[in-house]
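Proteins come first, then strands; the chains are lettered A, B, ... in the order of their sequence lines, and each starts at number 1. Computation of the quantities below employed the complete heavy-atom set of this structure, encompassing side-chain atoms and omitting hydrogens, waters and symmetry-equivalent molecules.
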Amino acid sequence: MVPLWMFLLVAAALFAIGLFGVLSRRNAVAILMGVELMLNAVNINLIAFWRYRTPDTMIGQAFAVFVFVVAAAEAAVGLALIVAIYRRRQSVAVEDVNLLKW
Amino acid sequence: MIDWTNANYLPWLIPVPPLLAAALIFLVTNRSWWLTTTTALVATITSWVMATIMLLRAIGVAFGEALDGEAFGSTAPWMDLGSTQFQIGVLVDPLTTAMLFMVPLAILMIMIYSVGYMAHDPRRERFFGYMSLFAGAMLLLVVADNLLLLFIGWEVMGFCSYSLIGFWFEKESAHRAGVKAFMTTRVADVIMLLGIAYLYAETGTLSFREIFFNEALLAGLAAKPAIIFGGLSAAGLIGVFLVIGTIGKSAQFPLHVWLPDAMEGPTPVSAMIHAAAMVSAGVYMIIRMYPLLEAGADPHHGVYSAPLLLMAYVGAFTALFSAVIAVAQNDIKRVLAYSTISQLGFMMAALGIGAYIAAAFHLITHGIFKALLFMSSGAVIHAMEHGEHHAHEHGHHVHNAFGGHGRFDPQDMRNMGGLKGRIPVTWFGFLTGGLALAGFPLFTAGFWSKDEIFAEAWHLGFGEGFGPAMFVFVLLALAAFLTAFYTMRQLAMTFAGEPRTEAAAQASLGGPKTVVSTFMQGPLIVLGVAALVAGYIGVPQDFPLFGWLFSGNGNPFHDFVGGTLPHHPPTLAFNVVPVLFSFVVALGGLYVGYRVYWRRPLAAGQPDPTQLALDRISPYLWQWMSHKFYVDELYQRVFVQPSQWLSEVLTSKIIDRIVIDGILHTIAHVAGWIGELFKRFNRVVIDGVGDGIPQAIGAFAGWFRRVQTGNVQQYLLMAVLAALVIFLSAAGLLVRISPTTVLIALAALVVIIVVLNLIGRVWGGIAE
Amino acid sequence: MLRDALIQAGMNAGLATFLDILGGVLVAATFGMAWVLFGIWIERKVAARIQNRVGPNRVGPYGLIQNFADALKLLIKEVIVPRNADRPVYFLAPVLMVVSVILIAAVIPFSSVVIGTDLNIGLLYVLAVGSLGTLAVLMAGWGSNNKYALLGAFRAVAQLISYEVPMVLALLIPVMLAGSLSMQDLVRSQHVWFLFVAPIAAVLFLIAAHAENGRAPFDLLEAESELIAGYNIEYSGMAFAMFYLAEFMHAFFVAIVFSVLFLGGWRGPGAETYPILGMFYLGIKSMVVYFVTVWLRLTVPRVRIDHLLALNWKIMVPLALANVILTAFLFKLVPTPDYSAARAIAEGEFTGVASGLYRLLGPEFVAMLPLAGVLLVGNIALLVAAAALLRWLARRRRQEVEALVDETEYAPGVAAAE
Amino acid sequence: MEITIELLVFLVFALLTLAGGLGVVLARNLFRAALLLLLSLFGVAGLFVLLAAPFLAAVQVLIYMGGITILIIFAVMLTRGMVRARNVFSEQWDLAAIVSLAFLALVVYLLWQLQQGSSAALFAAPPPEGGLENPIAALGAALVDPAQYMLPFEVASVLLAGALIGAIYIARDDEVE
């Protein structure tokens, strides 16, 4: 038997790792990967709570499915943006995309 | 879930298909002619079918669910107005039922006809879009159960008439006519809206049945004095406002001027405006609102209210006035336009003396035969244009028969003649329509409806001795005589004798199997038959022979439509005098016309015999008549030119340039002088201080703005920090420990990080 | 079986499932590997016959041992690693490739009782695992540090991802008909073979799966004439052998999955009673399908990359979508077959022709016939409509091209004269 | 705490997830980061299986590993100039680390507090037995049931379509006509 808090702990750790990736990596693709990690952490939480609290409705799983959808949409659009930026500036480092300043 | 098979909900759907079709045509199908016509026709047919189901249901044929004082309809909440809720709804009562017979039929016929008529126009898809919208608006108006919904349909029609009259907007005259129609009706509409607003303010409802079945309310309105025009009661003032709206919409004197100009639109539009929709809407609205107009009065016993008198006098005058004008017109559609005004005058006058069922009857029959007449005239014009083309191709020089050297005018009757054998179906249509218009006794629809108006007017005027009814009867009789006369004139000039131009000689609709002729002639036949038989639904019960044939159990139309309102109007006893009168005026007019125009058809270039006859009395008579008594010119002088003068001379030159500019210039000079003084002061004192502060701020900002690095990640970091702080405070509440110390510690940490980071950034920015 | 035992032993259901899968995979993988060596021999023989050759005939009887010899050769050859290769990635790629294929075997029902594990999401599992192969291709292309390999990988991914769309859409149809994702349920509900109930889905699946595998005529990932050998150009020895193995195994598994989904799997006379017969039936069916794919591979020329993608996005995906909608609609329209009633008729008293029919053909088969008939007719109608539409489009396109040619007044004679 | 097989499996998957995740954010080579992301996602799929959601696990493998990760690898390859950059981390990595750790510490603290406090029973309890008989069918029905998630489901599909079109439009090479 695995108690609930373990899942929550793993999810929190994964979320923190993803957050660190998002905040620290220079490469936009890597940032996107960090976001994916964070979304997965959320999904773990959703499913864990679903399993332990409300296994007789579908709410947790349904939400997880919507998170999948959002993740897919985010990846598609984000990567398209990255490719477009790279084509123009030959770089995907976020510091190089800082036109909107001062 | 709403059960659409229930007759109470079906009326909602009747206006929907054309409105939907309009949207579809404008948004989707307007590249394809085929799709557009299909859409429009399918929508119209659907509406017609639904209206017919409603009709059958209402009169109890086939479904056994007849209306008997009750009505079909349903309401839904529309908008909340403070404490009350405005209900929107539909209503099918006997009057609506009568309209549901005429309106969708006429619209359907016009639509079919338009397919042929517009087949070669470059903007034909747009045309169908407007027409569908027009039809939808009219149907909406017909099924509306309250004045506001009715007004919506009314206004949409106003817009459509504007865009359709100006449909050929390349023509200067067309777009002017469109604007004129819009402006003229706008004047009336505004007044009508005032009436509606007043009504709502007084009663708190606009629903027809809520108002008319409430005796106390009507009596109260009739007793209460109006807010302005002290002599009037509230009901009277509202009525007058509404009647003025109708005067605009139904083109009564003095707001009739837009209707003849509306002939600039394509002919189906004219048919739509004159027969099915626009002008009928005005009269329909009056019939709808009749109890309100009648409140406090009883025309059947000689008590008239202000709106009734207004209608009686205006209507009767208009009927005669425009009939006189129509005699002197040469444009085939213009004659019909004035005849419409005249016939609407009949209805108004009938309403004014209390014969509202007769008016409704005439509205129905007139709708049918006027649609027929307009479509026939359109066919004539089409044939003339075709003939002109043909003549051109064969090298003939086409010229106007009356010696004009301008563009050939296919609408001028003087250019026609002898078309009888060339376009026989059109001839049939025009003949039946014309005879109905003239009120040819016993066999046309127009006779029966007109006769009923005469009977009522005679009874009230000479039987009971009421002045307004007497006035109405005399004027209407004269107008009817003139109607028959100019109808005969038109028939003769168009169809009789020999062709007066090459174009007329070559006129045809382009072969029996073409799109044009098929689609244009079909509706003519249908409506032609209808124009002959439609009158038999309202034959007076004790009319010799015919009454026995068609009205064995009482006058069906009278009894049915009479059920609209709580008080059934009395059925008049048969009186031979007014019937003889109708015989005499109709046949007499036709005979005179026949003598003058048919027996000796006009030759090319020959002046009009009526003109010759009138010139013997006074040379100005004909001139005034053919110039429509100079009403347009009068308006030009009285309204247009003065306002132009006002704006040009008074406002622009005197007030603007001299008075206002003068004052302003003076002030400006003074101000300039003072300003100079201040400037000196400024330079020395204020600039020293004022420049110093902004420069200091600017320097600081220039230094500080480097916080804004443009680096998304950094922003994100700050956002997460902020989220952490919020999260922290929420967490403190959640676990119910005393969080103060933790909170303060972490907040301090956060602040330190932020400050450190800021300093680092800023320092980095400066170092760069 | 294993799962139930474990659960009874007090284990968590999810974990038991996992272990069950693991065991199934181990069994199935060994089976698959062993089978492939023989399968390759068949393929080479068939290929030879089609190309009017003899094929392997030296090693062993009819050359049966030839493949073992080849395998031995590849095993003892050196695995050459390019200098700048990304070594872990480079070595992981072939392994992942093989694993992605072998894992499929875990859920294939070889007979009514022989199945790695009957997951309730079996078909989804097949798809999910299969999609990992794409990753292996990418890894190989990247790890080799070779531009041909990378280009090949790009193409491969474009192709594989694209064809996953119609494949999934086509597989929706059997799932819809069976009302379950479990492979065993899918087999059990095929009282009438789904090939006859949903022919469009079957054909779409076959084509898409073929493309997923990257075999001719969709072998663009390794088009020799353009990319030398595609993503696996740098591989040699056993690493290459694993790609090779994976491809053949994949082709073979496609045949099996097709048989399971559309040809009734292990179903056949007596298969319920004697499960070994089921394995035999499935073997025959999948060999037939396998033969068809080999046949296709050897006779159809390679398509161009843009044609490949156009075929997918402009024809197969719309057709698959239309098919899903149509099938769902018809499926809802026709009343669900009442199997229990049919069974009652068959088992009840003999009352005449009807009950005789039920007994003779099997009650479920007869009960499903109306549904199958309606769906078949629907499929044929859709196919005819699609063909008509395509024909019309092609004709219009041709007219446009001809009009263009006319406009430019292409006249070869003039140039020649000058 | 009793050591069961299940717990061991959980630990393996958790380790996979977290190690993969750490690898993703720490790896210098972006391609390897993507592969490690794959590993991490696989671990998450395993956790889903442990949580009795095999359908989501399969979807995770199909969509995340077979779809999104491949997309990411594609992007990595298309922006190849950046793969072996010298400076993988930005200047603020130290602050980022502090913030992330603070976040983790906060959540751990909270969890600890809750476990000690009111929610102890919930946190230690085993998952309830039973549940739905056929969760996959129930999920399918829930997603198209107007009373449940049909509207969000439709919105999600519209979102996906919009994202697809937008992605194509954004990434399209302007010079190609």
Side-chain angles (χ1 to χ4, degrees), chain C residues 6 9-19 21-22 84 86-89 92-93 96 100 103 107 117 119-139 141-143 145 147 150-151 153-154 156-158 160-161 164-165 168 175-176 179-182, chain D residues 4-10 12-13 29-32 34-39 41-42 45-74 76-78 80 83-84 126-127 129-131 133-137 139-140 144:
Chain C
L6 287 176
M11 193 180 278
N12 169 295
L15 181 63
T17 311
F18 176 75
L19 288 180
I21 297 174
L22 206 65
N84 281 328
D86 198 336
R87 288 184 75 101
V89 177
L92 264 175
L96 187 61
S100 79
L103 280 177
V107 293
T117 170
L119 283 184
N120 58 354
I121 52 158
L123 194 55
L124 193 65
Y125 169 84
V126 170
L127 286 170
V129 168
S131 74
L132 288 182
T134 320
L135 216 70
V137 172
L138 263 182
M139 283 164 72
W142 170 268
N145 196 23
K147 62 183 80 152
L150 193 60
L151 279 175
F154 270 138
V157 173
L160 299 190
I161 290 193
E164 222 159 84
V165 176
V168 171
V175 170
M176 213 187 299
S180 167
L181 282 165
S182 151
Chain D
T4 59
I5 299 178
E6 198 182 349
L7 187 66
L8 286 179
V9 174
F10 167 78
V12 169
F13 280 129
N29 184 326
L30 206 53
F31 189 82
R32 290 202 191 156
L35 293 182
L36 286 167
L37 174 66
L38 210 67
L39 196 66
L41 296 178
F42 182 73
L47 293 181
F48 285 171
V49 171
L50 279 183
L51 284 167
F55 176 78
L56 283 183
V59 171
Q60 169 96 351
V61 174
L62 187 65
I63 291 180
Y64 258 115
M65 302 171 71
I68 294 178
T69 314
I70 285 177
L71 265 185
I72 289 179
I73 293 179
F74 238 90
V76 170
M77 288 176 167
L78 283 173
R80 206 146 34 121
V83 168
R84 288 185 184 131
E129 293 295 323
E133 191 167 315
N134 190 352
I136 302 171
L139 180 62
V144 292

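Contacts of C:Leu92 with chain D are absent, with no heavy-atom separation under 4.5 Å from either backbone or side chain. With a threshold of 4.5 angstrom between heavy atoms, D:Leu35 approaches chain C through side-chain atoms but not through N, CA, C or O. Of the two parts of C:Leu127, the backbone and the side chain both hold a non-hydrogen atom closer than 4.5 Å to a non-hydrogen atom of chain D.
Of the residues considered (D:Ile63, D:Val59, D:Leu51, D:Val61), D:Val61 shows the highest number of contacts with chain C, using heavy-atom pairs under 4.5 Å.
Using a 4.5 Å heavy-atom cutoff, the side chains of C:Met139 and D:Ile73 are not in contact.
Across D:Ala58 and C:Ile121, no two heavy atoms sit closer than the pair CB-CD1, 3.6 Å.
In this structure, CG on C:Leu160 lies 8.0 Å from CD1 on D:Ile70, to the nearest 0.5 angstrom. Separation of atoms CG (D:Leu38) and CG (C:Leu96) is listed at 7.5 Å; rounding is to 0.5 Å.
Considering C:Leu135, C:Leu132, C:Thr134 in turn, C:Leu132 is the only one that fulfils the side chain to side chain contact (heavy atoms under 4.5 Å, CB included) rule with D:Met65.
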